[in-house]
Amino acid sequence: MLTSRRKTINLDEINHDVFVINFWATWCPPCKQEIPELNAFARHTDVPVYGINVTTSERRVSDVADFLKKTPVEYPVLYDRQGTSEDAYRLVAMPATYVLDRQGTILAKHVGPVTEQMLKEMVKRTGG
């Protein structure tokens, strides 16, 4: 289960043929570097993006809220406070970006910062 600022959700509740999840943390320089690229992808496609903050790696949850006040993020940010998605996706490094289908099957994965073009190519290769 993940929480947004308003509610708790399960990734299996996301009802899209293809969507992107991006694991990140406020202390991670490459994570910060790719946010404008993720924003651009979210703006220029109809493929939803969900940023999953690996909250278990943050010093304080309030660090995430403070970061988001200063940094424009144009897609929903979810908080993994228990490390459940981190474990489920066997996260070994951040940032990490996954393209998933409606059933939650991983269609593509990239560890390291992504660009808008890389994301478009990942989605295109999956048929999305």
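This is a predicted model, so every value here is computed, not measured.
Checking side-chain atoms of T71 against main-chain N and O of L68 turns up no donor-acceptor pair under 3.5 Å. Checked by atom type and distance alone, the side chain of Y89 never pairs as donor or acceptor with a backbone atom of T84 at under 3.5 Å. For the pair E58 (side chain) and A25 (backbone), a donor-acceptor distance under 3.5 Å is absent. In terms of modelled atom types and a separation under 3.5 Å, the side chain of N39 and the main chain of E74 share a donor-acceptor contact. In this structure a side-chain-to-backbone donor-acceptor pair under 3.5 Å is missing from T45 to A42. Put simply, the side chain of E116 never gets that close to the backbone of E37: no donor and acceptor are under 3.5 Å apart.
Side-chain atoms of S85 and F23, non-hydrogen and from C-beta on, do get closer than 4.5 Å to each other. Using a 4.5 Å heavy-atom cutoff, the side chains of V20 and Y98 are not in contact. Side-chain contact between F19 and V49 is absent, with no heavy-atom pair separated by less than 4.5 Å. Contact check for T97 versus K109: no side-chain heavy atoms found under the 4.5 Å cut-off. You'll find the side chain of D101 stays beyond 4.5 Å of the side chain of D17, heavy atoms only. By the 4.5 Å heavy-atom criterion applied to side chains, K120 and V47 are not counted as neighbours.
No path of Ile, Leu, Val, Met, Phe, Trp and Tyr side chains, each step under 4.5 Å between heavy atoms, connects V111 with M118, placing them in separate hydrophobic clusters.
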### Test side chain to side chain contact (heavy atoms under 4.5 Å, CB included) applied to V99 and V18, step by step
CA-CA 7 Å; V99 177; V18 175; 3.4 Å; yes
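The ring of W27 has its center no closer than 6.0 angstrom to the ring center of F67. Residues Y75 and F41 place their aromatic rings such that the two centres sit no closer than 6.0 Å.
Between C28 and M94 the shortest heavy-atom distance is SG-O, 3.7 Å.
Atom-to-atom distance recorded for L38:CG and L119:CG is 6.0 Å, nearest 0.5 angstrom.
For the residue pair T56 / E86, a side-chain donor-acceptor distance below 3.5 Å is found, with atom types taken as modelled.
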